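Data block below; observations after.
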Amino acid sequence: MSDTLVWIIALMFYAPIHFLGPVLVILLTGPGEIAANRQLLGRVLIDCTFSMLLAFSLAVLIFDNSPQYAAVILLLAMLVPYIHIWLFRCR
């Protein structure tokens, strides 16, 4: 199996996990206003997309030298959208 195919399969498993948690947090615990939920949801989806692309590209680049650090980067990137939600709600 080629490396590209392996990374595509990994991305297909990682993407739903990366997006589903923050979206559920917004939908289940969001403020009562629909407009505020939509605004926050849009921001978090953009945040999830950029953090996932950045983390995955970094993981692909460093995986050959240190797979442990690549896994840690992917794990820490999953926390970025939650930080955005927390900062938005603190305002």
Side-chain angles (χ1 to χ4, degrees):
M1 201 179 310
S2 70
D3 287 343
T4 307
L5 184 61
V6 170
W7 282 110
I8 290 172
I9 292 170
L11 184 62
M12 290 173 61
F13 279 101
Y14 181 76
I17 295 169
H18 191 77
F19 280 89
L20 188 62
V23 169
L24 284 176
V25 167
I26 292 169
L27 294 177
L28 296 176
T29 65
E33 306 156 359
I34 294 174
N37 273 350
R38 284 186 183 164
Q39 181 183 15
L40 181 58
L41 185 62
R43 288 180 180 180
V44 167
L45 287 175
I46 291 170
D47 193 24
C48 285
T49 303
F50 284 129
S51 66
M52 183 182 71
L53 290 176
L54 180 67
F56 231 79
S57 61
L58 284 173
V60 168
L61 288 175
I62 69 167
F63 184 78
D64 290 334
N65 296 333
S66 56
Q68 304 90 342
Y69 292 133
V72 168
I73 287 172
L74 290 175
L75 197 68
L76 290 177
M78 291 178 71
L79 299 176
V80 172
Y82 294 105
I83 294 170
H84 190 168
I85 293 170
W86 180 69
L87 289 175
F88 184 80
R89 294 225 174 123
C90 286
R91 282 193 264 155

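These numbers come from a predicted model, not from an experiment.
- Put simply, CG on L54 and OG1 on T49 are 12.5 Å apart, with the number rounded to the nearest 0.5 Å.
- Annotation: the span from N65 atom CG to I62 atom CD1 amounts to 8.0 Å, rounded to 0.5 Å.
- Under the 4.5 Å side-chain heavy-atom criterion for Ile, Leu, Val, Met, Phe, Trp and Tyr, L40 and L27 are members of the same hydrophobic cluster.
- Note: the hydrophobic cluster containing V25 also contains M78 (ILVMFWY, side chain heavy atoms under 4.5 Å, direct or indirect links).
- Note on Y82 and L75: separate hydrophobic clusters, where clusters join Ile, Leu, Val, Met, Phe, Trp and Tyr whose side-chain heavy atoms are under 4.5 Å apart, directly or indirectly.
- C48 places none of its side-chain heavy atoms less than 4.5 Å from the side chain of H84.
- M52 has its side chain within reach of L11: a pair of non-hydrogen atoms, C-beta onward, lies under 4.5 Å apart.
- The aromatic rings of F56 and Y14 lie tilted to each other, with the angle between the two planes from 30° to 60°.
- In the hydrophobic clustering of this structure, L74 does not group with F50; members are Ile, Leu, Val, Met, Phe, Trp, Tyr whose side-chain heavy atoms approach within less than 4.5 Å, directly or through other members.
- At most 12 heavy atoms of other shown residues, nucleotides or ligands fall within 6.0 angstrom of atom OH in Y69.
- With I85 as the partner, the side-chain contact (heavy atoms from CB on, under 4.5 Å) test is satisfied by one option alone out of D47, V44, T29, L41: V44.
- Annotation for S51 and A77: closest pair OG-O, 3.9 Å, computed over non-hydrogen atoms.
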Set out, in order, the CA-CA distance, both residues' side-chain angles and the distance that settles side chain to side chain contact (heavy atoms under 4.5 Å, CB included) for V23 and L20, then state yes or no. CA-CA 5 Å; V23 169; L20 188 62; 5.6 Å; no
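- Smallest separation of non-hydrogen atoms from I73 and A55: CG2-O, 3.8 Å.
- The distance from the CE atom of M12 to the CD1 atom of I17 is 12.5 Å, given to the nearest 0.5 Å.
- From I26, atom CD1 reaches atom CZ of R38 across 13.5 Å, with rounding to the nearest 0.5 Å.
- Cluster membership check: F63 does not share its hydrophobic cluster with L58, using side-chain heavy-atom separations under 4.5 Å among Ile, Leu, Val, Met, Phe, Trp and Tyr.
- Taking each heavy atom of A59 and W7 in turn, the nearest pair found is O-CH2, 4.1 Å.
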